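Structure first, then comments.
The structure displayed is predicted, hence computed values, not measured ones. We count residues from 1, following the sequence as given.
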Amino acid sequence: ILDKIFSIFFLIIAAPMLLVSAIFILIEDGFPILFTQNRTGWDGRRFKILKLRTLKKGSFDKTVQVTSDDKRKLKCGTFIRQFSIDELPQLINVLIGDMSIVGPRPHMVEHDIKYSKLFKSFLKRHKCSPGLTGWAQVNGLRGATPNPENMRKRMEYDLWYLNNWTIILDFYIIFKTFYIVFKYRGD
């Protein structure tokens with residue numbers, strides 16, 4: 001219930017940012033405004049994650065992570081990604097029950113397959129709903145995972161979160177997320 005209440009509240013607050021971002025995407029590169037991708041949810045269930053499209057049409061591969069100097073990014077996409085505005089449509093994923101506000105970030109299905117072969121405990125991350133933000137993200141592990149070591153660290157933080165979950169921890173992560181988004185901009 002708290003996820004749904006928070007998602008409605010944050011969607012209302014985020015609506016102006018989403019509208020302005022959508023207009024910039026539309027002006028620069030046309031439709032579609034949203035980008036969807038298969039992700040893995042609770043107990044391995046697949047769902048379509050929603051994001052604002054920050055890459056040029058026809059020039060992106062849904063299985064390749066975006067880097068900070070990626071030539072595929074829209075001009076407005078750089079700003080949108082820096083402040084994680086592209087992630088805000090995931091509040092709709094929270095509202096419909098695919099995700100939670102807090103939990104391990106969902107990865108591309110291809111990454112789940114790859115890293116589950118490298119790390120024995122990797123799939124334990126799917127023992128709860130994936131989150132819009134998480135313990136790994138507020139501890140500096142957000143954005144692309146260019147090598148297995150980055151993913152291993154992220155996995156360890158996610159598993160710590162699962163083993164130490166409290167409602168107070170979730171509130172702490174939510175508040176710290178706002179601080180992190182503005183202090184450590186994404187790619």
Checking one residue: Ile1. Which other hydrophobic residues are in its cluster under the side-chain 4.5 Å linking rule?
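So far as hydrophobic clustering goes, Ile1 is joined with Ile5.
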For [Y], does its backbone N or O pair with a side-chain atom of [X] as donor and acceptor, under 3.5 Å?
X      : Y      : answer
Arg105 : Leu132 : yes
Arg125 : Asp158 : no
Ser121 : Lys124 : no
Asp3   : Ile101 : yes
Asn93  : Leu50  : yes

Check the pair Thr54 / Asp86 against side chain to side chain donor-acceptor pair (under 3.5 Å), numbers first and verdict last.
CA-CA 7 Å; Thr54 58; Asp86 60 320; 4.8 Å; no
With side chains defined as the heavy atoms from C-beta onward, is the minimum distance between [X] and [Y] less than 4.5 Å?
X      : Y      : value
Leu34  : Arg53  : no
Met99  : Arg39  : no
Ile180 : Thr177 : no

Which of parallel (below 30°), tilted (30 to 60°) and perpendicular (above 60°) describes Trp135 and Tyr157?
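The rings of Trp135 and Tyr157 sit tilted, inter-plane angle from 30° to 60°.
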hydrophobic_cluster_shared for Leu18 and Phe79, side chain cutoff 4.5 Å
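Phe79 and Leu18: one cluster.
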Sequence neighbours left out, what passes ring-ring contact (aromatic ring centres under 6.0 Å, His included) with Phe119? Give chain and number order.
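By the ring-ring contact (aromatic ring centres under 6.0 Å, His included) rule, Phe119 matches no residue at all.
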